[in-house]
Amino acid sequence: MKIFNTLTNHKEPFVPLAPPRVGIYVCGVTVYDECHLGHARSAIVFDVLRRYLEYRGHNVTYVKNFTDVDDKIINRAAEDGIAWEGIVEKYVQAYSRDMKRLGVVTPDVEPRATEHMPEILEMIRTILEKGFAYQVEGDVYYRVAAFPEYGRLSKRHLDDMQAGARVEVDERKQDPMDFALWKAAKPGEPAWESPWGPGRPGWHIECSAMSVRHLGETFDIHGGGKDLTFPHHENEIAQSCAATGQAFARYWVHNGFVTIDEEKMSKSLGNFFTVREIFDQSNCPEPVTAEAIRYFLLSTHYRGDVNFSNLAVVEAKSALDNVYDLFSRLAEKSGSGSRSGSALGAVLTQFRQAFEEAMDDDLNTPKALAAFQQLRAEANQVLRTGLSGKDRQEVLSMFRQCGASLGLFQLNETEWVFRELEFGPEHCRMRTEQEDTDEWIQDQIRQRTEARARKDFAAADHIREALAAKGILLEDRPDGSTRWKR
């Protein structure tokens with residue numbers, strides 16, 4: 001297995017520090033608002049990384065933090081007129097709700113900054129003692145010039161960063177690039193006691209202290225969105241290496257953005273969709289919507305940006321429809337024997353090889369999804385010759401087992417909904433014609449069934465053609481029932 005390492009800017013063989021154990025730390029959200037689709041993408045990317053490592057036989061310890069003390073939280077609390085702790089709890093619960101909806105496996109550890117003050121204070125004290133930091137009126141700043149490798153992760157040169165630094169900097173800092181490890185308390189803000197006076201930690205030191213606490217001074221993988229590469233992850237490396245004297249994370253993995261009209265989705269730009277909105281406005285049950293969102297996001301390689309559109313999610317749902325249609329065919333009891341057992345075995349072997357080659361190549365999920373669709377097509381072809389119950393189960397098991405690495409193809413075929421996935425009026429076309437409702441379609445199917453029963457095949461064909469003209473396709477099943485999909 002190879003992973004692209006941002007630190008070296010190369011795709012490298014993944015060799016765990018202490019196999020089969022793998023330690024992963026991913027920067028989580030600052031809990032002051034609902035999470036949007038950009039947050040969901042990062043969560044799903046690292047959920048897939050964790051799942052696939054486990055599929056490969058590794059014993060993964062996955063840590064993902066909450067930043068639960070921050071200017072944004074304090075400001076939101078002031079706006080809403082409630083305590084900052086109330087804001088934290090509200091949006092931690094909202095995040096957990098969204099992750100459950102998306103099928104993201106809960107991390108092994110979800111540390112909060114406020115629960116790790118002893119570790120944070122101890123790390124700052126060590127950095128100060130080693131000469132990598134200095135105090136100014138209750139604040140503690142990291143001395144960037146004392147760490148020669150600063151900029152290695154982001155491929156930036158210190159001289160260039162200093163030249164481009166803003167003029168409006170804290171004049172108390174020795175260098176414009178120096179960053180806060182500890183911030184002196186301000187009136188009305190949450191504060192903790194420290195050797196340098198009451199205050200709270202800077203953003204960067206939280207992750208260093210929590211990752212070292214739960215994974216050790218050196219661990220395997222550190223991840224997050226590519227917008228965190230600088231300054232957050234760059235600063236984490238500087239302060240962690242200064243404190244421990246050891247290498248920090250061995251592999252740095254960063255996911256790309258979700259964009260709207262090729263512009264990054266973000267709260268500051270106001271061009272974002274929250275995960276809650278997408279689920280609440282969908283026309284499908286939560287598990288169906290979750291798989292459609294996952295399929296859409298995984299159709300682009302994790303390091304690239306993915307442009308969100310309703311059409312793209314609908315197309316993802318359609319691709320999943322085809323797979324679940326195969327599952328329904330496999331569940332049918334027709335076909336008691338098979339003359340294609342050897343052909344089926346070759347198909348399954350080729351698929352697993354293609355799937356693992358794709359995933360081993362820096363989690364190439366688009367290529368892995370293409371392998372699934374190829375398996376679907378070939379399974380349908382073999383199915384026409386007749387498959388035994390055992391053969392059918394082997395095909396289904398292959399989809400389930402390998403699909404679990406992506407969080408896909410896990411629903412029962414009867415749980416899947418063969419109808420169009422839709423969103424609310426501000427995001428997608430809504431159906432305004434009464435005759436386009438699910439109830440109307442079911443009534444048309446009932447009338448067609450009655451027409452066929454009385455052998456009025458002209459009327460039955462007319463109903464089928466009229467529905468097809470509206471993009472509604474009918475499928476007559478061996479048991480006499482009729483299923484429809486848009």
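Throughout, numbering of the chain's residues begins at 1 and tracks the sequence.
Residues A77 and A83 share a closest heavy-atom pair of CB-C, 4.0 Å. Taking all atoms of both residues into account, the shortest heavy-atom contact from A404 to Q410 is N-NE2, 3.2 Å. The nearest pair of heavy atoms linking R294 to V104 is NH1-N, 3.9 Å. Among all heavy-atom pairs drawn from H36 and V275, the shortest one is O-CG2, 3.7 Å. Of all heavy-atom pairs between D98 and R276, the closest is OD1-N, 4.1 Å. In plain terms, the two heavy atoms of R464 and L474 that are nearest each other are NH1-O, 3.4 Å.
Geometrically, K317 does not engage Y295 in a cation-pi contact defined by less than 6.0 Å to the ring centre and at most 45° from the axis. The cationic atom of R303 (NZ for Lys, CZ for Arg) lies less than 6.0 Å from the six-membered ring centre of F4 and within 45° of the ring axis.
Under 4.0 Å is where a charged nitrogen must lie from a carboxylate oxygen, and between R101 and D280 at least one such pair does. Electrostatic pairing of K2 and E12 does not count as a salt bridge here, judged by no charged N lying under 4.0 Å from a carboxylate O. Salt bridge R112/E89: present, at least one basic N to carboxylate O contact under 4.0 Å. The existence of a salt bridge linking D220 and R21 is excluded, since no basic side-chain nitrogen approaches an acidic carboxylate oxygen closer than 4.0 Å. Looking at R76 and D33, a side-chain N of the basic residue comes within less than 4.0 Å of a carboxylate O on the acidic one, giving a salt bridge. Salt-bridge check for R50 with D47: failed, with every basic side-chain N at 4.0 Å or more from each acidic carboxylate O. A salt bridge does not link E85 with K90: every distance from a Lys NZ or Arg NE/NH1/NH2 to an Asp or Glu carboxylate oxygen is 4.0 Å or more.
In this model, a donor atom of one side chain and an acceptor atom of the other lie less than 3.5 Å apart for W416 and D321. Counting only N and O atoms by type, the side chains of Q374 and E378 include a donor and acceptor under 3.5 Å apart. Judged by distance alone, the side chains of T482 and D476 do bring a donor and an acceptor atom under 3.5 Å apart. With hydrogens and angles left out, the side-chain atoms of D68 and T114 include a donor and acceptor closer than 3.5 Å. Residues Y52 and R56 have side chains that bring a donor and an acceptor to within less than 3.5 angstrom of each other. A donor-acceptor contact closer than 3.5 angstrom links the side chains of N255 and S42. In the model, E236 has no side-chain atom that pairs as donor or acceptor with a side-chain atom of Y25 under 3.5 Å. Side-chain contact annotation: R483 with S328, donor-acceptor N/O pair under 3.5 Å present. For the 3.5 Å distance criterion, the side chains of S388 and D391 qualify, holding a donor opposite an acceptor. In this model, no donor atom of one side chain and acceptor atom of the other lie less than 3.5 Å apart for E79 and N75.
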Can you give the donor-acceptor pairs under 3.5 Å from side chains of residues 364-371 to other protein atoms, not counting sequence neighbours?
{"residue": "N364", "atom": "OD1", "partner": "K367", "partner atom": "N", "Å": "3.2"}
{"residue": "T365", "atom": "OG1", "partner": "L298", "partner atom": "O", "Å": "2.7"}

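Note that the CD atom of E115 and the CE atom of M117 stand 10.0 Å from one another [nearest 0.5 Å]. Distance CG/L228 to SG/C27: 5.5 Å, rounded to 0.5 Å. To the nearest 0.5 Å, atom CD of residue Q281 and atom OG1 of residue T289 are 11.0 Å apart. To the nearest 0.5 Å, atom OG1 of residue T30 and atom CH2 of residue W203 are 6.5 Å apart. To the nearest 0.5 Å, the span separating CG on L53 from CE on M1 amounts to 4.5 Å. Atom NE2 of H214 and atom CG of N65 lie 9.5 Å apart (nearest 0.5 Å).
Side-chain rings of F372 and F409 approach one another, their centers coming within less than 6.0 Å. H222 has its ring centre no less than 6.0 Å from the ring centre of H254. Taking the six-membered ring where the residue is Trp, the centroids of H233 and H204 are separated by 6.0 Å or more.
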Would you check, one step at a time, whether the test side-chain contact (heavy atoms from CB on, under 4.5 Å) holds for L330 with L326?
CA-CA 6 Å; L330 291 171; L326 171 63; 4.0 Å; yes
W484/Q442 under side-chain contact (heavy atoms from CB on, under 4.5 Å): CA gap, chis, key distance, verdict:
CA-CA 9 Å; W484 65 273; Q442 293 289 0; 3.0 Å; yes
Trace of the side-chain contact (heavy atoms from CB on, under 4.5 Å) decision for W252 with L153
CA-CA 8 Å; W252 288 83; L153 179 69; 3.8 Å; yes
Run the salt bridge (charged side-chain N to carboxylate O under 4.0 Å, His left out) test on E286 and K100 for me, step by step, so that the C-alpha distance in whole Å, both residues' side-chain angles and the decisive distance to 0.1 Å come before the verdict.
CA-CA 10 Å; E286 286 188 2; K100 183 177 181 180; over 6 Å; no
Would you sort out whether D361 and K11 count as a salt bridge (charged side-chain N to carboxylate O under 4.0 Å, His left out), showing the intermediate values?
CA-CA 9 Å; D361 183 19; K11 197 183 295 183; 2.8 Å; yes
How far apart are the C-alpha atoms of V63 and V26, what are their side-chain angles, what is the distance that settles it, and do they pass the side-chain contact (heavy atoms from CB on, under 4.5 Å) test?
CA-CA 6 Å; V63 182; V26 175; over 6 Å; no
side-chain hydrogen bond (donor to acceptor under 3.5 Å, both in side chains) evaluation trace for Y55 with Q401
CA-CA 9 Å; Y55 167 90; Q401 181 185 5; 5.2 Å; no
Please test E189 against R200 for salt bridge (charged side-chain N to carboxylate O under 4.0 Å, His left out), starting from the C-alpha separation and ending with a verdict.
CA-CA 9 Å; E189 292 187 351; R200 57 188 172 93; 3.4 Å; yes
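For NZ of K485, the number of neighbouring non-hydrogen atoms (other residues, nucleotides, ligands) closer than 6.0 Å is greater than 12. The 12-atom threshold is exceeded at NZ of K155, counting heavy atoms of other residues, nucleotides or ligands nearer than 6.0 Å.
Side chains of D443 and I441 form no contact here, defined as non-hydrogen atoms less than 4.5 Å apart. Annotation: side chain of V323 is in contact with side chain of Q373 (closest heavy-atom distance under 4.5 Å).
Residue pairs that meet the ring pair (Phe, Tyr, Trp, His ring centres under 6.0 Å) test with at least one member in residues 94-113, sequence neighbours left out, are F66-Y95.
Between the D80 side chain and the I82 main chain, no donor and acceptor come within less than 3.5 Å of each other. With hydrogens and angles ignored, the 3.5 Å screen pairs no side-chain donor or acceptor of H39 with any backbone N or O of L37. Checked by atom type and distance alone, the side chain of S211 pairs as donor or acceptor with a backbone atom of S208 at under 3.5 Å. Remark: side-chain polar atoms of R392 are paired, donor with acceptor, to backbone N or O of R329 under 3.5 angstrom. Between the H301 side chain and the D362 main chain, a donor and an acceptor come within less than 3.5 Å of each other.
Screening Y62, Y251, F248 for a ring-ring contact (aromatic ring centres under 6.0 Å, His included) involving F219 leaves a single residue, F248.
Below 30°, between 30° and 60°, or above 60°: for F327 and Y324 the angle between ring planes is above 60°, a perpendicular geometry.
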